[in-house]
Amino acid sequence: MTSAFSENFLLEAERHAAWGAAQLDVLGAFLPDGPWTADLPSCVYRQGDLELRVALLGTYDTEERSWMWGWANPGLRGTEVVELPAAIARYGRAHAIPELTAEVLDLSGFDDPRRAAEMLAFTGMGVAEAAGYIGVPAGPGTRVYFLPDDARVPRAELDPVSLPRLLLTGAGLIGHSARQVVHGYFDHHGVPQRAEGDRIVAELPAGNAAVVGFDELGRISGIDVEVLPGGARAGAFG
């Protein structure tokens, strides 16, 4: 039993924090209301009148307070519905992240086991570069998590105007490494960036630039974004 995530896992989770929060908002707006069903052999998830191709990310046992990755499910090993989650395990082995390679994780030692399960799902989503994750109750004591694997799901775009808010929101989700949050957000969007002492400078599309400053404790101290036209700026306490 563990009561904390490893340093490598926390750093990986932070890489996806700002991008992931924005992407989950987009997915939430895309999904219709309504009951859900899933056909795992066919990789099909239905909610309301929408049918999506999905992968099985994992399951959370609310009574045992344990997480099982989809690729570790004995009845699904090697099947199509767990191919995408299996890539998460390979990434974990390559980057020495034990939480991504253990078949089952005992979360009962965490102050909030449910939140720990959500962090695992969130990080798995980011590693897989999926367009969010869907967590739904699957009977008493079980919650199941799916990854959309369907090109129809929209992707969150980089918006210079909302960038300061997104980075600050992402930095506040986990609170371990704001630099990782910023680096990861720009990585997800394929934005060139460079570290310059206590700041990160990113080259945004259309000739714009974002400068993110950090204080002596590693927290975001200011965000300055130049936005066309007219050299207008969007900033956050900086």
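Nearest heavy-atom pair, P85 versus A55, reported as atom, atom and distance to 0.1 Å: CD-CB, 3.7 Å. What you find for A18 and L166 is that their closest heavy atoms are CB-O, 3.7 Å. Closest approach of L173 and A21 over heavy atoms only: CD1-CB, 3.9 Å. Residues R65 and P113 come closest through the heavy atom pair CD-CG, 3.6 Å. The two residues L100 and G92 come nearest to each other via the heavy atoms CB-CA, 3.8 Å. Among all heavy-atom pairs drawn from D49 and P32, the shortest one is OD1-CG, 3.9 Å.
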Item to complete: Tell me, with the steps shown, if V82 and W69 meet side chain to side chain contact (heavy atoms under 4.5 Å, CB included).
Response: CA-CA 9 Å; V82 295; W69 290 105; over 6 Å; no
Practice prompt. In sequence, state the C-alpha distance, the side-chain angles, and the governing distance for Q193 and E203, and then conclude on side chain to side chain contact (heavy atoms under 4.5 Å, CB included).
Written response: CA-CA 6 Å; Q193 57 182 297; E203 301 172 13; over 6 Å; no
Fill in: CA sep, side-chain torsions, deciding dist, call: V127, E12, side chain to side chain contact (heavy atoms under 4.5 Å, CB included)
CA-CA 8 Å; V127 170; E12 184 63 31; 3.6 Å; yes
Item to complete: Any chance you could lay out the side chain to side chain contact (heavy atoms under 4.5 Å, CB included) test for V54 and L147, step after step, and finish with the verdict?
Response: CA-CA 5 Å; V54 296; L147 291 177; over 6 Å; no
Worksheet entry | Intermediate values then yes/no, salt bridge (charged side-chain N to carboxylate O under 4.0 Å, His left out), E196 and R194 | CA-CA 6 Å; E196 295 182 352; R194 62 185 183 276; 2.6 Å; yes
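F214 is connected to I223 through a chain of hydrophobic side-chain contacts under 4.5 Å among Ile, Leu, Val, Met, Phe, Trp and Tyr, so both are in one cluster. No single ILVMFWY cluster, assembled from side-chain heavy atoms under 4.5 Å apart, contains both V104 and F110. Using a 4.5 Å cut-off between side-chain heavy atoms of Ile, Leu, Val, Met, Phe, Trp and Tyr, with links allowed through other members, V201 and I220 fall into different hydrophobic clusters. Clustering ILVMFWY residues whenever any of their side-chain heavy atoms sit less than 4.5 angstrom apart, transitively, puts L158 in a cluster other than the one holding V181. Grouping the Ile, Leu, Val, Met, Phe, Trp and Tyr side chains by contacts below 4.5 angstrom, directly or via other members, places V44 apart from V81.
Residues passing the side chain to side chain contact (heavy atoms under 4.5 Å, CB included) test with A13 are F9, M119, T123, I174, sequence neighbours excluded. Every residue two or more places apart in sequence or in another chain that forms a side chain to side chain contact (heavy atoms under 4.5 Å, CB included) with P74 is listed here: M68. With sequence neighbours left out, D150 forms a side-chain hydrogen bond (donor to acceptor under 3.5 Å, both in side chains) with R152. Evaluation of the side chain to side chain contact (heavy atoms under 4.5 Å, CB included) rule for V136 yields W36, Y45, I134, V144, F146 as partners, not counting sequence neighbours. Remark: E129 pairs with no residue by the salt bridge (charged side-chain N to carboxylate O under 4.0 Å, His left out) rule, at least two apart or across chains. Annotation: side-chain hydrogen bond (donor to acceptor under 3.5 Å, both in side chains) contacts of E14 (sequence neighbours excluded): none.
Rounded to the nearest 0.5 angstrom, L105 CG and S66 OG are separated by 9.0 Å. Of the inter-residue distances, the one linking L107 atom CG with D112 atom CG reads 10.0 Å to the nearest 0.5 angstrom. Rounded to the nearest 0.5 angstrom, R93 CZ and I88 CD1 are separated by 11.5 Å. The CG atom of L11 lies 8.5 Å from the OG atom of S6; values are rounded to the nearest 0.5 Å. With values rounded to the nearest 0.5 angstrom, M125 atom CE is found 12.0 Å from L84 atom CG. Summarising the geometry, atom CD belonging to E51 is positioned 8.5 Å from atom OG1 belonging to T37; distances are rounded to the nearest 0.5 Å.
Residue pairs meeting the ring-ring contact (aromatic ring centres under 6.0 Å, His included) criterion with at least one member in residues 151-187, sequence neighbours excluded: Y185-H189. Residue pairs meeting the side-chain hydrogen bond (donor to acceptor under 3.5 Å, both in side chains) criterion with at least one member in residues 130-146, sequence neighbours excluded, are E118-Y133, E118-Y145, R143-Y145. Within the structure, side-chain hydrogen bond (donor to acceptor under 3.5 Å, both in side chains) contacts touching residues 76-85 (residues at least two apart or in different chains) are R53-E80, R77-E103. Screening residues 206-222 for salt bridge (Lys or Arg N to Asp or Glu O under 4.0 Å), with sequence neighbours left out, gives D215-R219. Listed by first and then second residue, the ring-ring contact (aromatic ring centres under 6.0 Å, His included) pairs involving residues 147-171 amount to none (not counting sequence neighbours).
Looking only at side-chain heavy atoms (C-beta outward), F122 and R115 stay at 4.5 Å or farther from each other. The shortest side-chain heavy-atom distance between D187 and R15 falls under the 4.5 Å cut-off.
In this structure, a donor-acceptor pair under 3.5 Å is present between the side chains of S108 and D106.
Judged by distance alone, the side chain of T101 and the main-chain N or O of P98 form a donor-acceptor pair under 3.5 Å. In this structure a side-chain-to-backbone donor-acceptor pair under 3.5 Å is missing from Q47 to D33.
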List the atom pairs, donor and acceptor, that lie under 3.5 Å between side-chain atoms in residues 56-64 and the rest of the protein, sequence neighbours left out.
from : atom 1 : to   : atom 2 : distance (Å)
D61  : OD1    : E63  : N      : 2.9
D61  : OD1    : E64  : N      : 2.8
T62  : OG1    : G141 : O      : 3.2

